Amino acid sequence: MRQNAMRTYPILIVTENLNVGGAEKYTVLVANELHARGHRVVVLANQGPFRERFHPDIRFVRAFFEHGLFGVLYGAFQMVRVCLEERIVLIHAQKLESSRAAYLARFVTGVPIVKTAHGYTRKELLTLGSVINRYSDKVVTVVDWLVDELCANGVEKGKLSLIYNGMSPAGPSLSEEERAALRTRLGIRKGDPVLVSVSRLERGKNHAELIEWFPQVREAVPDAKLIIVGDGPEKGRLEEQARALALDASIAFVDATTVVDPYLQIADIFCTPSVGQGMAVLEAMAAGLPVIGTRPRGTPQVVLDGVTGFVVTKHDGPAFVSRIITLLQDAAMRQRFGRAGKELMTAQFFHGRMVDQLEEVYAECLAEHAKR
């Protein structure tokens, strides 16, 4: 928690939607923690499953960003109205459309904008860097490699802050009866080793590779099961791929959910075939699971190779499979990595620390705004 109490004030948090995803989970964690610290928080967003996860005293205002330019204009109108009603002093925008609307609203309200850059490809940043810079007074990024990329593509260095994602502690533990019932529902027998992956199912997340590699895992560990939690445009294709490889009984697909703890609690390993620094990884570490991830473009800060799990080169199937088999066959290693991951998450990636740093960015933004 904060070393010194900071001034509290009304904050408007804006995002496109509240569907299941890392940016949406981040929005909920930040809003609830700011509310707990005494800030008056208003959230402007489209509807979505995460709508129910906000503290009941946080005001929610419906947006319609899904309607393109009309949605942006309406969002800007809503921001002006809310800023006047609530005497908002700062807007924290998450995604591009909400940032664009906040930028338009600023012409009327003069309220400064902090934007979080959750993740962009290098190709996207060629055109978006200067846009992000124009729409924002301060820019927060959650991954280290994006700092240099944002600067190289038009974001002023003085605006940028790197604040790693944070996560709250794991949820309540399931009873043995609840665990057994969930495993049975997913077709997992008692004693079957379980891998779990939680992510939006889209190109670039590399779940097709994970499914392609899974038969090799089962050659060494025949009873191994895989749970893939998430929705997205690739889900149907991935299900078809699993059927074509005769993995229907070995891979369970679960719809996206705002509560993934139950699936983590019946798993032995968390695997992410895309990166190793997202919100889902932190949830897995909070649950005490070892993590196998691929090497991100920056320095691996979350999945420490040989300490909290394993990190392999992206697309390196043999290495990924080898690490899975190693962990499935070594319970002591799984427990050691799981404990280390939980300790690391608590010490360095706790959501309270993340919001401490955000409050510092807010204060700096407001101080610079006051001078102008």
Side-chain angles (χ1 to χ4, degrees), residues 22 164-171 173-174 179 182-183 186 188 191-199 205-207 209-211 213-214 216-230 250-252 254 260-296 299-314 316-350:
Y164 291 112
N165 283 328
M167 181 53 60
S168 57
S173 296
L174 298 178
R179 290 176 192 239
L182 180 56
R183 290 171 71 96
L186 296 173
I188 300 170
D192 286 351
V194 178
L195 294 80
V196 65
S197 183
V198 180
S199 176
K205 298 292 187 178
N206 301 323
H207 286 88
E209 290 186 339
L210 180 58
I211 293 172
W213 301 333
F214 197 59
Q216 300 170 52
V217 174
R218 284 180 53 80
E219 286 179 11
V221 188
D223 295 330
K225 299 293 192 299
L226 171 63
I227 304 171
I228 297 178
V229 182
S250 303
I251 300 179
V254 176
V260 300
D261 279 339
Y263 302 100
L264 299 176
Q265 290 182 36
I266 64 169
D268 299 288
I269 299 171
F270 183 91
C271 52
T272 172
S274 52
V275 295
Q277 299 192 173
M279 299 293 278
V281 170
L282 294 176
E283 282 187 288
M285 291 168 61
L289 290 182
V291 177
I292 301 176
T294 57
R295 197 172 306 284
T299 305
Q301 299 286 341
V302 180
V303 185
L304 305 182
D305 192 48
V307 178
T308 66
F310 290 120
V311 181
V312 301
T313 303
K314 194 174 182 179
D316 189 345
F320 205 92
V321 169
S322 173
R323 301 302 189 274
I324 290 174
I325 294 170
T326 296
L327 277 175
L328 289 179
Q329 294 178 338
D330 193 333
M333 181 183 289
R334 293 198 304 271
Q335 292 171 3
R336 185 170 69 253
F337 285 1
R339 284 195 301 269
K342 193 168 187 176
E343 291 170 0
L344 179 66
M345 193 286 296
T346 303
Q348 296 189 30
F349 301 102
F350 185 61

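Just so you know, residue 1 is the first one in the sequence shown, and it goes up from there. In this text, all values refer to a predicted model and were calculated from it rather than measured experimentally. Hydrogens, waters and symmetry mates are skipped; everything else that's a heavy atom, side chains included, is used.
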With a 4.5 Å cut-off on side-chain heavy atoms, are P169 and F350 touching?
yes

Less than 4.5 Å apart, any side-chain heavy atom of I188 and any of I227?
yes

Flag, side chain of R334 to backbone of L289, donor-acceptor distance under 3.5 Å:
no

Closest non-hydrogen atom pair between V196 and A267, with its separation:
CG1-CB, 3.6 Å

Nearest 0.5 Å please: distance from the CE atom of M333 over to the OG1 atom of T326.
6.5 Å

Can you tell if the side chain of V198 reaches within under 4.5 Å of the side chain of Y263, non-hydrogen atoms only?
no

How long is the straight-line distance from CG of L210 back to CD1 of I292, given to the nearest 0.5 Å?
9.5 Å

So which atom in N165 and which in F349 form the shortest heavy-atom distance, rounded to 0.1 Å?
O-CD2, 3.6 Å

For L174 versus Q265, what's the shortest heavy-atom pair and its separation?
N-OE1, 2.6 Å

Quick one: does any side-chain atom of T346 pair with a main-chain N or O of K342 as donor and acceptor, under 3.5 Å?
yes

Between Q216 and F320, is any pair of side-chain heavy atoms under 4.5 Å apart?
no

Set of salt bridge (Lys or Arg N to Asp or Glu O under 4.0 Å) partners for D305, sequence neighbours left out
none

Between atom CZ of F337 and atom CG of D330, what is the distance when rounded to the nearest 0.5 Å?
8.5 Å

Keeping D192 on the side-chain end and K225 on the backbone end, is there a donor-acceptor pair under 3.5 Å?
no

Between L195 and F214, is there a side-chain heavy-atom distance shorter than 4.5 Å?
yes

Test log, rule side chain to side chain contact (heavy atoms under 4.5 Å, CB included), inputs D268 and L327
CA-CA 9 Å; D268 299 288; L327 277 175; over 6 Å; no

Find out whether K205 and S199 are in side-chain contact, i.e. whether some heavy atom of one side chain is under 4.5 Å from a heavy atom of the other.
yes

What heavy-atom pair brings V311 and T294 nearest, and what distance separates the two atoms?
CG1-C, 3.9 Å

Minimum heavy-atom distance E283-L264, with the two atoms named
O-CD1, 3.6 Å

Shortest non-hydrogen contact from V307 to A340?
O-CB, 3.4 Å

S197 side chain vs C271 backbone, donor-acceptor pair below 3.5 Å
yes

With a 4.5 Å limit on heavy-atom distance, are the side chains of V291 and T308 in contact?
no

Kindly compute the distance separating CD1 (I228) from NE2 (H207), expressed to the nearest 0.5 Å.
5.5 Å

Looking at side-chain heavy atoms only, is the closest gap between L226 and S250 below 4.5 Å?
no

